[in-house]
2 protein chains.
Amino acid sequence: MRLSTRGRYGLKAMFQLAIHYGEGPIPLNSIASAQNISENYLEQLVSTLRKEGLLNSVRGAQGGYMLAKAPSEITVGNILRALEGDMAPADCVVEDFSGCEREENCVTKVVWKRMKDSINQVIDSISLQDMLNEKAKMELEKREA
Amino acid sequence: MRLSTRGRYGLKAMFQLAIHYGEGPIPLNSIASAQNISENYLEQLVSTLRKEGLLNSVRGAQGGYMLAKAPSEITVGNILRALEGDMAPADCVVEDFSGCEREENCVTKVVWKRMKDSINQVIDSISLQDMLNEKAKMELEKREA
DNA sequence: AGGAAAACCAAGCGATTTACTTGGAATTAA
DNA sequence: TTAATTCCAAGTAAATCGCTTGGTTTTCCT
C-alpha cells in the first residue's frame with residue numbers, strides 16, 4: 001500500500017518551498033533539481049496544488065511558485081489529499097461513497113474506517129512548519145555529533 | 001492510497017473462516033460465493049496465506065481451509081502484511097531497505113515512518129476475534145432496533 | 001474401483017494505472 | 001525583443017492489477 005510518486009514528490013516539493021518561504025517566487029527547475037525530480041512531471045503536480053489553493057504562481061521570467069499560506073497553516077494531509085485523493089484504504093470508506101448494499105453489517109468496513117482515521121490523524125497533525133523544525137533539529141544533532 | 005483486492009478479499013475470506021472456526025475444513029467455493037469473489041483468484045490469495053502459516057488446508061473431497069490458529073491469535077496486520085507486503089507508504093521505510101543516500105537528513109522519511117507506524121499500530125491491534133465480537137454487537141443492535 | 005470434489009500449481013492476458021515525455025502557447029522581467 | 005518561466009493537452013512505454021485458463025494431485029464416498 002504505497003503512495004504514488006504524486007504524493008511523495010509533491011510533499012518534497014512543498015517542503016522545498018517551505019524552506020524558501022518568504023523569499024518570493026521559486027522557479028520549478030530549482031525545486032526539481034534540488035529534489036531530483038523530472039521538472040515536466042513535477043509541473044503537473046504543482047498545477048494540482050495550485051488549483052487546490054496550496055500554492056501561488058508568478059508567471060514569466062523571474063517567476064515561480066510560493067506557498068499560498070504560512071508553513072504552519074499547511075499540513076501533510078492537505079498536500080497528500082490534494083494529490084492522491086481521499087486517503088482511504090478501500091473505496092467503501094471514501095467520503096460520499098455509495099454503492100455497497102451490505103453497508104449496514106459489514107465488519108471489514110469498520111476495519112478500513114479505523115485505518116483511514118488513523119492515517120488522517122497523523123497526516124493532519126504534521127504541518128510543513130513541523131517538518132522545518134524537524135530539519136533544524138536534525139542539523140543541530142549532526143553538528144553536535 | 002488504496003489497498004489492492006488482495007488485501008481486501010483476503011481479510012474477508014479470513015473473516016469468513018473465523019465465523020466457521022472449529023467446524024472443520026471449509027471449501028473455497030463456499031467462501032468465494034459467500035463473499036462474492038472469484039474462486040480461482042481467491043485460490044491464489046489463500047495459497048499465500050497458507051504459506052505464511054495463517055491457515056491450513058485439507059486436500060481431496062470434503063476438504064477445504066481452516067484457520068491455523070484461534071481467531072484471537074490472528075490479527076488484521078498478519079493478514080494484510082502477508083498479502084500486501086510491508087504496509088509502508090514509501091519504499092524508504094520498508095523493513096530492511098537500503099538505497100537512499102540522503103537517508104540521514106531526510107525529513108519526509110520521518111513523515112512516512114510516522115504514517116507507517118500508525119497504520120501498523122491499528123492493524124496489529126485488531127484480531128479476527130475482535131471482528132467476530134464486532135459482528136455480534138452489530139447483530140444485537142439490529143435486533144434491538 | 002471409480003468418480004467426484006476438492007486443493008494445488010503455473011502461465012497467460014486484457015485493462016488500467018503510473019510515471020513520465022513531448023510539444024507547444026501565454027506571460028513577463030530584463 | 002528575447003529569454004525565462006508558467007501553463008496546458010496529449011501521447012506513451014512499462015508496470016501492475018485482477019483476474020482466467022488449463023491443468024495435476026489428493027482424498028472421500030459409493
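What's counted below: heavy atoms across the whole structure, side chains too, no hydrogens, waters or symmetry copies. Computed from a prediction, not measured in an experiment: that's the story for all the values here. So you know, we letter chains A, B, ... as the sequences are listed, proteins then strands, and number each from 1.
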From C/dA19, C/dA5, C/dT21, pick the nucleotide closest to the side chain of A/Ser4? C/dA19

Whole angstroms only, please: what is the CG-P distance between A/Leu3 and C/dT18? 11 Å

Measure the distance from CE on B/Met66 to P on C/dA7 and round it to the nearest whole Å. 12 Å

Per B/Leu28 side chain, nearest of listed nucleotides C/dA7, C/dT21, C/dT28: C/dA7

Nearest-angstrom distance from the residue atom OH of B/Tyr41 to P of C/dG12: 19 Å

Check whether A/Ser47 reaches the backbone of A/Glu43 with its side chain - one donor and one acceptor, N or O, closer than 3.5 Å. no

Applying ring pair (Phe, Tyr, Trp, His ring centres under 6.0 Å), can you list everything that pairs with A/Tyr41, at least two apart in sequence or on another chain? A/Tyr9

Specify the separation, in whole Å, of atom CG of B/Leu49 and atom P of C/dC8. 12 Å

Tell me the interatomic distance from B/Lys51, atom NZ, to C/dA10, atom C1', rounded to whole angstroms. 10 Å

Just the atom pairs and distances: protein N or O near nucleotides 22-26 of chain C's N or O, under 3.5 Å.
from, atom 1, to, atom 2, distance (Å)
C/dA26, N3, A/Arg59, NH2, 3.2

For B/Val58, which contact category applies under a 4.0 Å heavy-atom criterion: base, sugar-phosphate, or nothing? sugar-phosphate

Just N and O in the side chain of B/Arg50: are any of them under 4.0 Å from OP1 or OP2 of C/dC8? yes

Who pairs with B/Ser4 by side chain to side chain donor-acceptor pair (under 3.5 Å), at least two apart in sequence or on another chain? B/Glu84

Applying salt bridge (charged side-chain N to carboxylate O under 4.0 Å, His left out) as the test, list every pair that has at least one member in residues 44-68 of chain A; sequence neighbours left out. none

May I ask you to verify if any side-chain N or O of A/Tyr9 is less than 4.0 angstrom from the OP1 or OP2 atom of C/dC20? yes

Short side-chain N/O contact from B/Ser47 to OP1 or OP2 of C/dA7, under 4.0 Å: no

Mind calculating the distance between CZ (A/Arg8) and C1' (C/dT18) to the nearest angstrom? 11 Å

Would you mind reading off the bend of the helix from C/dA1-D/dT30 to C/dA30-D/dT1 from its two end axes, five pairs each, to 10 degrees? 10°

Compare all side-chain heavy atoms of A/Asn56 with those of A/Tyr65 and state whether any distance is below 4.5 angstrom. no

Is a side-chain N or O of A/Asn120 found less than 3.5 angstrom from the main chain of A/Lys116, in a donor-acceptor match? yes

Hey, are B/Ser118 and A/Ser118 close enough side-chain-wise for a donor-acceptor pair under 3.5 Å? yes

Check this for me: does any side-chain nitrogen of one of B/Asp91 and B/Lys109 sit under 4.0 Å from a carboxylate oxygen of the other? no

Of all nucleotides in DNA chain D that come within under 4.0 Å of a heavy atom of chain B, which is furthest toward the 5' end and which toward the 3' end? D/dG18 to D/dC29

Closest heavy-atom pair, B/Met115 versus B/Pro89, reported as atoms and distance to 0.1 Å, is CB-CG, 3.9 Å

Less than 4.0 Å between a side-chain N and a carboxylate O, is that true for B/Arg81 and B/Asp124? yes

Under a 4.0 Å threshold between the charged nitrogen and the carboxylate oxygen, would A/Arg143 count as salt-bridged to A/Glu139? no

Are the side chain of B/Asp117 and the backbone of B/Arg114 linked by a donor-acceptor contact shorter than 3.5 Å? no

If I take atom CG in residue A/Asn36 and atom C1' in nucleotide C/dC20, what distance separates them, rounded to the nearest angstrom? 14 Å

Between A/Gln62 and A/Glu39, just flag the one whose closest nucleotide in DNA chain C comes earlier from the 5' side. A/Glu39

